[in-house]
Number of protein chains: 2
Amino acid sequence: MSSKNEVQDFKTKEPCTHKARGIDVAELKAQCLHCDLNAVCHPPSLDVKELESLDQWFPTRRRLQRGETLFNLGEPFNALYAVRSGFFKTLVPNDSQRDQVTGFLMTGEILGMDGIGGGRHACRAVALEVSEVCLMPYGNVDEIATSFPTLHAHLNRLMSQRIVQDQAAFQILANMRSESRLAAFIVDLGKRFSRLGYSPNTFVLRMTREEIGSYLGLSLETVSRLFSRFQEDGLVDVQTRHLQITNPEGLADIASGRPAH
Amino acid sequence: MSSKNEVQDFKTKEPCTHKARGIDVAELKAQCLHCDLNAVCHPPSLDVKELESLDQWFPTRRRLQRGETLFNLGEPFNALYAVRSGFFKTLVPNDSQRDQVTGFLMTGEILGMDGIGGGRHACRAVALEVSEVCLMPYGNVDEIATSFPTLHAHLNRLMSQRIVQDQAAFQILANMRSESRLAAFIVDLGKRFSRLGYSPNTFVLRMTREEIGSYLGLSLETVSRLFSRFQEDGLVDVQTRHLQITNPEGLADIASGRPAH
DNA sequence: CGGCCCGTTGATTCGTCTCAAAGAGTGTGG
DNA sequence: CCACACTCTTTGAGACGAATCAACGGGCCG
């Protein structure tokens, strides 16, 4: 189904968003000990010895081409995925209608938590660029919990944070107008990039206008118009996918629902 | 602040939604062993002996009057709450604007999971009628996890299900029109009532039009108009708060985004 | 070069919000 | 017990925002 897309290679024209991490493709065995995603996957309290023994649990990585599917809706759930590099979207295939994009995930974020409850994935995850994920077999998570209680508590914290994030997104969708939605979306992306050590104000959009629109409940035309308007108002500088926030405060104001008109 | 509201007693005029559970107010010590919420709080695999020892962990209950706040936004998080009886709303106080309702919770559902991640509650929970909750001190949850791994896995499952639910709500908000939103809301309420052993097609709305509107991202007038229209179309029978679904299939069709026009 | 996907912009239509007023239900105090 | 106040609900008229339909330009690939 997506075999066509997988062939497309991603042109590396981006200015700053994703530095090469120098990962050897042959090296499939993960080493949590030296992984720079440590802070995400594990609580800070784990010491070196514990991390070393953890390496028995998280052995595999997987590399995906642009457009490739990591897991599908309805697929049996048996692992969580930590995004090591790259960019993903999650979507729910809406029969007959266009697919609904339910989220975007970048380096350092966890994919697949929706599957824990029902034993099956509740959405489809697709790579938006060449990406690499770290597999955490979930059958083991229970066992891990007993050996590393703090690790399990950490997973709980991650899931709870996710719930809070969803709530926030929910709120934006429920009572913000289109301009606030898009502004909030841009600000949020910036925050997440800055957490990775990149600039919060200059980055490359990995997704199309249509995907943004689907995610925000807007038509792709509205998204395009808003980008143009933001540019006119001196809030951002957009060159198709390349985005620079030139007036972060103004954008944040709009995001919080205080329109200037 | 809510001391005024607490005095109001709730008139028990409802036809079918909440049978009296005959709970003795003096009996504050919870007994998970004989609790009819067993299936919610605990995995099915726990045997009687395990349940007995669990009673050391979940000792307290709390009774709330209508309008009373269970916990507030920003309050330190230290317990999860299982709704034993009654009805709650969660909301985020939007400074200056009207509050945003983020959810409604009924008997058998878990309140407070948003607080696990940040250590503070991310919303406010208010009782919409006389309600009773079961306190689960969260400091203990970690300890419980080690003694009862299946219990902790159960909590994970609950949180994951919550994430999936939120995603679904997100989707409805993102690309459904008002009529589909309200229809989906009604159908969802019915499902949840039926899980409690009540009719999925006849129940009492515990919340105002404004609260429904806030939750669905609609104005209260739109909600009211939609109820009227659904009634005209023979889908439901509404007497202010008393609701009966007269055409479940038709309502479900609208909920899923297949409008008849 | 031609085809295709993506993005932009314009004209029009339709849905929902806002403002407004009046009716219904409930609790309060004389 | 009734009048009053208050909140919640219903319904209408008008304004505004976003979707839709449509056309065109640009970049990328075969």
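Here is how names work: the chains are called A, B, and so on, in the same order as the sequence lines, proteins then strands, and each is numbered from 1.
Look at B/R84 and B/E109 and you find no salt bridge, because none of the NZ, NE, NH1 or NH2 atoms lies under 4.0 Å from a carboxylate O. A salt bridge links A/E211 with A/K89: at least one charged nitrogen is closer than 4.0 Å to a carboxylate oxygen.
For B/R177 and D/dA18, the shortest distance from a side-chain N or O to OP1 or OP2 is not below 4.0 Å. For C/dT8, the OP1/OP2 oxygens have no side-chain nitrogen or oxygen of A/S228 closer than 4.0 Å.
Distance A/R209 CZ to D/dA19 P: 15 Å, rounded to the nearest Å. Distance CD (A/Q231) to C1' (C/dT8): 12 Å, rounded to an integer number of Å. B/N175 places its CG atom 14 Å from the C1' atom of D/dA18, with the value rounded to the nearest Å. Between A/F227 atom CZ and C/dT9 atom P there is a gap of 13 Å when expressed in whole angstrom units. D/dT9 atom C1' lies 14 Å from atom CG of B/L243, rounded to whole Å. The CE-C1' distance, from B/M176 to C/dT16, rounds to 17 Å in whole Å. Counting to the nearest Å, the C1' atom of D/dG26 and the CD atom of A/Q239 are 13 Å from each other. Following rounding to the nearest Å, B/R229 (CZ) and C/dT16 (C1') show an atom-to-atom distance of 11 Å.
Using a 4.0 Å heavy-atom cutoff across all strands shown, B/R241 reaches sugar-phosphate atoms only and no base atom.
Nearest approach of A/M113 to B/I163, heavy atoms of both residues: CB-CD1, 4.3 Å.
The number of heavy-atom neighbours closer than 6.0 Å to CD of B/E210, taken from other residues, nucleotides and ligands shown, is 12 or below.
Residues satisfying the side chain to side chain donor-acceptor pair (under 3.5 Å) test with B/S131, not counting sequence neighbours, are none. Scanning for salt bridge (charged side-chain N to carboxylate O under 4.0 Å, His left out) contacts around A/D99 gives an empty result, with sequence neighbours left out.
Between its opening and closing five pairs, the helix from C/dC1-D/dG30 to C/dG30-D/dC1 changes axis direction by 30°, a value rounded to 10 degrees.
Residue pairs meeting the salt bridge (Lys or Arg N to Asp or Glu O under 4.0 Å) criterion with at least one partner in residues 216-229 of chain B, sequence neighbours excluded, are B/E179-B/R229.
Taking a 4.0 Å limit (strictly below) on heavy-atom distances, residues 215-225 of chain B reaches DNA chain D at B/L220, B/E221, B/S224, B/R225.
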Could you list the donor-acceptor pairs under 3.5 angstrom formed between side-chain atoms of residues 164-174 of chain B and any protein atom two or more places apart in sequence or on another chain?
from: B/D166; atom 1: OD1; to: B/R162; atom 2: NE; distance (Å): 3.3
from: B/D166; atom 1: OD2; to: B/R162; atom 2: NE; distance (Å): 3.4

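The aromatic rings of A/F71 and A/Y81 sit parallel, their planes meeting at an angle under 30°, below the 60° perpendicular limit.
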